[in-house]
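See structure below.
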Amino acid sequence: FAVYTVLLSVLAKAGGVKAVENAFQEMKKEWRPNAFTYNAVISACRKAESVGKAEEWVQKMKEDRVKPDIGTYNSLIGVYGKQRMVEKAEMIRKEMVSRGVHADARTYYTLLNMYGEMELWDEVGVLWEEMEKKGVRAEACIFSSLIGAFGKAQKADMAEKWWEKMERAGVEPNLKTFCSLLNAYGRSNLVERAESVWQAMKAKKFFFDALSYGIMMDMYFRNGRHDQVLSWHREMGRNGVRPNDITRSTLIMSSAASGDLVSTQKLFQGMLRSWQGVDVTTWNSMAALYCKHKRVEEVLNLFGEMKQRGVKPDAVTYSTVVDVCGKVGRFEEAERLFQEMLDRDLKPDSQLLSKVVSNYGRHNQPEKAREWFQRLTGAGVVPNVNCFTALMSSLLKTEQYSEARDVFGDMREQGLQVD
RNA sequence: AUUCAGAGUGAG
């Protein structure tokens with residue numbers, strides 16, 4: 001029975017709610033599921049970012065008369081936390097209180113993680129105090145999470161402060177904690193500090209993984225030090241660490257930014273020939289490179305080839321192919337591909353909107369730009385400043401001053417910060 | 001036994 005529960009969580013990590021659900025059904029034939037079993041399934045829904053499914057499973061759990069435990073509440077908070085549904089997450093916390101279930105360390109970790117990702121630092125402070133008051137001890141993992149959040153927000157100073165806090169608390173940092181600090185420096189372009197963290201890690205005899213190298217490569221890439229990207233990639237290989245999807249995509253990006261099109265193509269072809277192949281993000285990076293050069297045929301060929309190889313195009317892929325068609329004025333094709341995107345249940349976003357609008361503007365079709373703006377916002381896309389700006393410049397191209405002013409007014413009405 | 005932490009791709 002316990003083996004089944006472990007199996008569920010392993011399947012969840014391997015990446016499929018479907019597989020988890022199937023295994024659950026199999027198991028149900030022989031055993032009666034308990035809270036642990038349901039918790040594992042709910043957690044799988046969190047990984048798949050499926051709130052609806054998670055809620056369904058909570059319902060099933062109730063129908064099955066299995067009482068939710070602290071793990072269930074924590075998992076559910078995790079489900080909402082990942083989607084940044086603060087109110088829902090807090091609601092669960094209140095429900096816990098009313099049922100006499102006490103928040104534990106993981107409850108706080110999950111909530112802190114959510115607030116950190118959302119950059120709601122005040123809430124982080126409040127929760128932290130509450131946690132300390134309750135005598136819940138922070139572990140390395142929560143410091144990784146918060147230092148990572150500060151890093152993403154390019155607040156290296158805050159990341160440092162929390163690192164010191166961790167040291168004062170006597171918590172021993174692990175590889176993930178070091179990596180979050182490394183990345184904090186990387187994101188703030190503090191290359192030398194990142195390098196010295198790396199040295200400190202080396203002194204501690206950590207075994208670096210591809211993720212660690214990936215952080216360094218990404219930092220050098222963003223700082224335009226493409227030679228360093230290459231040499232760290234080589235260093236990784238020398239140390240017997242296999243490149244993964246992310247280091248591959250960083251390598252492609254770096255080559256795209258530094259070399260000519262042909263050498264990037266060669267690099268990409270070489271990756272395709274290897275047994276690992278490349279993932280959708282790397283395909284997307286390559287497609288974006290062609291798109292930038294307005295090489296429609298290449299983008300479309302790439303698009304076809306990736307499908308042939310069984311890599312599922314995502315919303316970014318479609319955004320790029322629709323964009324490149326629009327760039328060169330092939331709007332019927334763009335329209336067809338856009339429809340295909342919807343048929344595949346992929347959600348258009350504000351970036352796609354701004355691209356489509358500016359492409360119509362570029363080709364002096366402001367009416368079409370406006371039409372698409374309405375169509376997409378009607379479909380639930382929330383336009384940002386870029387979208388409004390694209391629409392305004394489309395209108396201004398044909399000297400529609402008052403219309404552009406109206407758009408400007410609409411933008412301010414939406415409460416958007418004018419930049 | 002189950003529930004929490006670290007890196008990559010597209011727009012004006």
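Chain letters run A, B, ... following the sequence lines, proteins first, then strands; residues in each count from 1.
- Contact of A/N386 with B/rA11 (side chain to base): a donor-acceptor pair of N or O atoms is detected under 3.5 Å.
- No contact: A/D314 has no heavy atom under 4.0 Å from any strand.
- A/K82 NZ: more than 12 foreign heavy atoms inside a 6.0 Å radius.
- With A/T398 contributing its side chain and A/L395 its backbone, the two residues share a donor-acceptor pair below 3.5 Å.
- Comparing B/rA1, B/rU9, B/rU3 by their closest approach to the side chain of A/S9 singles out B/rU3.
- The base of B/rG8 lies outside donor-acceptor range of the side chain of A/T250, with no N or O pair under 3.5 Å.
- Taking CG of A/N301 as the start and OH of A/Y290 as the end, the distance is 9.0 Å to the nearest 0.5 Å.
- In this structure, A/K82 reaches neither bases nor backbone, as no heavy-atom distance under 4.0 Å exists between it and the strands shown.
- Checking B/rU9, B/rA11, B/rU3 against the side-chain heavy atoms of A/Q351 singles out B/rA11 as nearest.
- Side-chain N/O atoms of A/T72 include none lying less than 4.0 angstrom from OP1 or OP2 on B/rU2.
- Contacts of A/S145 with the nucleic acid, taken as non-hydrogen atoms under 4.0 Å apart, involve only primed sugar atoms and P, OP1 or OP2.
- Counting non-hydrogen atoms under 4.0 angstrom, A/L211 reaches a base of the nucleic acid.
- Interface remark: the A/D245 side chain does not form any donor-acceptor pair with the B/rG8 base, using a distance-only criterion of under 3.5 Å.
- The base of B/rG6 does not come close enough to the side chain of A/N174 for any donor and acceptor atom to sit less than 3.5 Å apart.
- Heavy atoms of A/S354 sit under 4.0 angstrom from at least one base atom.
- Residue A/Q59 qualifies as enclosed at atom CD: its count of foreign heavy atoms under 6.0 Å is above 12.
- Within the 4.0 angstrom heavy-atom criterion, only backbone atoms of the sugar-phosphate kind lie near A/I215; the bases stay farther away.
- With B/rG8, B/rG12, B/rU3 as the candidates, the nucleotide lying closest to the side chain of A/S393 is B/rG12.
- A/T107 comes within 4.0 angstrom of no nucleic acid atom, judged by non-hydrogen atoms across all strands.
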So A/E132 and A/K165, salt bridge (charged side-chain N to carboxylate O under 4.0 Å, His left out) or not? Walk me through it.
CA-CA 13 Å; A/E132 283 190 322; A/K165 200 168 185 158; 5.8 Å; no

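- The side chain of A/S358 lies closest to B/rG12 when the candidates are B/rA1, B/rG12, B/rG6.
- Of the side-chain N and O atoms in A/R187, none sit less than 4.0 angstrom from OP1 or OP2 of B/rG6.
- When distances run from any side-chain atom of A/F1 to the nucleotides B/rA1, B/rG6, B/rA5, the shortest one goes to B/rA1.
- For A/N39, the listed nucleotide lying nearest its side chain is B/rU2; candidates were B/rU3, B/rU2, B/rA5.
- For A/N384 against B/rA11, a side-chain-to-base donor-acceptor contact under 3.5 Å is present.
- When the side-chain nitrogen and oxygen atoms of A/K176 are compared with OP1 and OP2 of B/rA7, none of them lie within a distance under 4.0 Å.
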